[in-house]
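One structure is given here, and the rest of the page talks about it.
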Amino acid sequence: MRPQFTSPDAHSSSPAFSSSSSSFSSSSDRRINALVRHLDSSAMDPNNNSSISASPTSAHANSVFAHVVRAPEDPILGVTVAYNKDPSPAKLNLGVGAYRTEEGKPLVLNVVRKAEQLLVNDRSRVKEYLPIVGLADFNKLSAKLILGADSPPIQENRITTVQCLSGTGSLRVGGEFLAKHYHERTIYIPQPTWGNHTKVFTLAGLSVKSYRYYDPATRGLNFQGLLEDLRSAPAGAIVLLHACAHNPTGVDPTLEQWEQIRQLVRSRGLLPFFDSAYQGFASGSLDADAESVRRFAADGGECLIAQSYAKNMGLYGERVGALSIVCKTADVASKVESQVKLVIRPMYSNPPIHGASIVSTILKDRDLFNEWTIELKAMADRIISMRHQLFESLRAKGTPGDWSHIIKQIGMFTFTGLNSEQVAFMTKEYHIYMTSDGRISMAGLSSRTVPHLTEAIHAAVTRVA
């Protein structure tokens, strides 16, 4: 049916408007009726080239994104995608970097639920934007957690801390700040390291190089290679250091080795950038897991620290993190913060409030804090227990090779030493999923699944080269 057009003044009862617009109404009607006849005739005539052409983005045109090539799955997150597609009841996901209970379920800490309830019941809370640097209490308490309340940089007010989007966001903001304001734009990262490090720092504007870290022969630390590579790095280069529970290897320097690393870094004028994703989650002690960072912060030198609360508070999806920059003076720290804000503002403007509020609620309440440390140690102890159970199971099975590295390594992940062909075999034959480099999440194991993993490892080692 043809739409009916009505003169804009058809229902006007104003004499003044009616008398002055009669000629306008008549000519307007004629133009509208002519347009309708033209559209009707164009639609009926398929050879009429004067018809209105479709928009380039209409449903009948080719997509302007048709040239886009499908990207490969993320090597870590893609493991979970493949796992979810597997219908086997025996499947086991050891790729996910998230804690699981003995029953294989995700865990929300009791102390987190208590903190959330307190926040819900506080009627004075609002949902206004946070400042660019985030929640003030969260920043202050995060700095104290990683450095200790009596840390010289905190006492002397020469540290700036900003809330970021978990550890990844903290690394990205720090990397972009360095690319803009630091004289050396090369960052050295351990080989191997978390797969996202290279991408984060490259996109932040830094040039990424590596230093030796893991020794496949011993499945431990290549300490001499590490020292040699850092000695060869240009003066002033940035060095990424895992504060504890190195990802993916689970291999950490001893305190004596950390001291040698610190002396070398300072003597060469290198700038340390710590990634602290597992404080308290590795050994069960918040202080022990922060010792490497505190040594550097206490020597008067400058450094950067990226913190994440994903693992140690189980706040994976809340994306809660902090970037701290330790400076020489309070004045420099203030100037640095002003420039970090200019990095954050066009990136995500300001951070979300809920997760940071949970963290600050727990950290500033003595009872909640104590409860958190108990739950945190329980998670760490369960992971340590899984290490011992797997080691003992492999030894009892008589699986060829030395598997003592499983109990020597620390934290969520173990670098098994399995190669990509053995990993593929275990996935195909035993429905066990892990990254192709042989890294497994000990938090994904349970007493019930240790025998299944043992069988798979034994078969892979004895049947696949």
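As the structure is a computational prediction, the values presented were derived from the model and not from experiment.
- A donor-acceptor contact shorter than 3.5 Å is absent between the side chain of Ser151 and the backbone of Gly148.
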Exercise answer: donor-acceptor pairs, residues 104-116 side-chain atoms, under 3.5 Å, sequence neighbours excluded:
{"from": "Lys114", "atom 1": "NZ", "to": "Glu371", "atom 2": "OE1", "distance (Å)": "2.9"}
{"from": "Lys114", "atom 1": "NZ", "to": "Glu371", "atom 2": "OE2", "distance (Å)": "3.4"}
{"from": "Glu116", "atom 1": "OE2", "to": "His354", "atom 2": "NE2", "distance (Å)": "3.1"}

For this session: Report the C-alpha separation of Leu342 and Arg345 in whole Å, then their side-chain angles, then the decisive distance to 0.1 Å, and conclude whether the side-chain contact (heavy atoms from CB on, under 4.5 Å) test is met.
Result: CA-CA 5 Å; Leu342 295 186; Arg345 177 60 172 156; 5.7 Å; no
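- Judged by distance alone, the side chain of Gln307 and the main-chain N or O of Leu145 form no donor-acceptor pair under 3.5 Å.
- When all heavy atoms of Ile457 and Thr399 are compared, the closest pair comes out as CG2-CG2, 4.4 Å.
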For this session: Determine, step by step, whether Leu363 and Tyr309 satisfy the side-chain contact (heavy atoms from CB on, under 4.5 Å) criterion, reporting the C-alpha distance in whole Å, the side-chain angles of both residues, the deciding distance to 0.1 Å, and the verdict.
Result: CA-CA 12 Å; Leu363 295 184; Tyr309 290 94; 3.8 Å; yes
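- For the pair Glu176 (side chain) and Val343 (backbone), a donor-acceptor distance under 3.5 Å is absent.
- Taken to the nearest 0.5 Å, the CD1 atom of Ile238 stands 7.0 Å off from the CD atom of Glu184.
- No side-chain heavy atom of Asn196 sits under 4.5 Å from any side-chain heavy atom of Phe201.
- At least one side-chain heavy atom of Glu102 sits under 4.5 Å from a side-chain heavy atom of Met386.
- With 3.5 Å as the limit, one finds no donor-acceptor pair spanning the side chains of Asp252 and His242.
- Smallest separation of non-hydrogen atoms from Pro352 and Leu165: CD-CD2, 3.5 Å.
- At a threshold of 4.0 Å, the pair Lys335-Asp331 counts as salt-bridged, since one of the basic side-chain nitrogens sits closer than that to a carboxylate oxygen.
- For the atom pair CG (Leu270) and OH (Tyr188), the distance works out to 9.0 Å, reported to the nearest 0.5 Å.
- Counted by atom type alone, His388 and Ser385 present zero donor-acceptor pairs between their side chains at under 3.5 Å.
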Problem set entry | Steps toward side chain to side chain donor-acceptor pair (under 3.5 Å) verdict (Thr161, Ser324) | CA-CA 4 Å; Thr161 302; Ser324 291; 2.8 Å; yes
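- Of the possible polar contacts, none joining the Thr193 side chain to the Ile189 backbone as a donor-acceptor pair under 3.5 Å is found.
- Side-chain N/O atoms of Tyr211 and Ser232 include no donor and acceptor closer than 3.5 Å.
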For this session: Check step by step if salt bridge (charged side-chain N to carboxylate O under 4.0 Å, His left out) holds for Arg295 and Glu291.
Result: CA-CA 6 Å; Arg295 287 182 177 231; Glu291 179 62 27; 3.1 Å; yes
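- Taking the side chain as every heavy atom from C-beta outward, Leu141 and Val359 never approach each other to under 4.5 Å.
- Looking at Asn350, its side chain never comes within 3.5 Å of a backbone N or O of Pro131 through a donor-acceptor pair.
- Neither side chain, Glu228 nor Gln224, offers a donor N or O lying under 3.5 Å from an acceptor on the other.
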Exercise. Do His452 and His431 pass the ring pair (Phe, Tyr, Trp, His ring centres under 6.0 Å) test, and can you show the C-alpha distance, the side-chain angles, and the key distance before you say yes or no?
Worked result: CA-CA 10 Å; His452 181 51; His431 305 276; 8.1 Å; no
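- No cation-pi contact links Lys311 to Tyr316, judged by a cut-off of 6.0 Å to the six-membered ring centre and 45° from its axis.
- Residues Ser360 and Ser357 bring no donor and acceptor atom of their side chains to less than 3.5 Å of each other.
- In this structure, OG in Ser446 is found 7.5 Å from CG in Leu92, a value given to the nearest 0.5 Å.
- Ring orientation note: the planes of His246 and Tyr213 are close to parallel, at an angle under 30° on the 30°/60° scale.
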Exercise. Taking it one step at a time, do His405 and Phe415 satisfy ring pair (Phe, Tyr, Trp, His ring centres under 6.0 Å)?
Worked result: CA-CA 8 Å; His405 59 283; Phe415 226 39; 9.4 Å; no
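- Using a cut-off of 4.0 Å between Lys/Arg side-chain N and Asp/Glu carboxylate O, Glu302 and Lys328 are scored as not salt-bridged.
- A donor-acceptor contact shorter than 3.5 Å is absent between the side chain of Asp215 and the backbone of Asn222.
- Ring geometry for Tyr83 versus Tyr433: interplanar angle over 60°, hence perpendicular rather than tilted (30 to 60°).
- Minimum heavy-atom separation, Ser308 to Gly167: CB-N, 3.7 Å.
- For the residue pair Val293 and Ala243, the shortest heavy atom distance occurs at CG2-CB, 3.7 Å.
- Under the 3.5 Å distance criterion, the side-chain polar atoms of Arg387 are matched with a main-chain donor or acceptor of Gly411.
- Counting heavy atoms from C-beta on, the side chains of Leu94 and Thr449 never come closer than 4.5 Å.
- If you take OG on Ser349 and CG on Leu130, they are separated by 10.5 Å, rounding to the nearest 0.5 Å.
- In terms of modelled atom types and a separation under 3.5 Å, the side chain of Ser393 and the main chain of Gln389 share no donor-acceptor contact.
- In this structure, Gly175 and Ala204 approach most closely via the heavy-atom pair C-CB, 3.6 Å.
- Separation of atoms CG (Asp437) and CG (Asn419) is listed at 11.0 Å; rounding is to 0.5 Å.
- Taking a 6.0 Å sphere around CZ of Arg125, one finds it holds more than 12 heavy atoms contributed by other residues, nucleotides or ligands.
- In this structure, Lys209 and Ile187 have side chains that are not in contact, with every pair of non-hydrogen atoms separated by 4.5 Å or more.
- Contact check for Phe177 versus Gln339: side-chain heavy atoms found under the 4.5 Å cut-off.
- Inter-residue side-chain proximity for Leu171 and Thr168 is flagged as unmet; no heavy-atom pair is nearer than 4.5 Å.
- The side-chain heavy atoms of Asn247 and Met412, taken from C-beta on, include no pair separated by under 4.5 Å.
- We find that Lys91 and Asp86 are not joined by a salt bridge, their nearest charged nitrogen and carboxylate oxygen being 4.0 Å or further apart.
- Distance alone, capped at 3.5 Å, is enough to place a donor-acceptor pair between the Arg382 side chain and the Ala443 backbone.
- Judged purely by atom type and a 3.5 angstrom limit, Arg231 has no side-chain atom pairing as donor or acceptor with the backbone of Arg268.
- The aromatic rings of Trp372 and Phe369 lie perpendicular to each other, with more than 60° between the two planes, well past the 30° mark.
- Between Asp287 and Arg294 a salt bridge is recorded (basic side-chain N to carboxylate O distance below 4.0 Å).
- Note that CD1 of Ile305 is 8.5 Å distant from CG of Leu323, once rounded to the nearest 0.5 Å.
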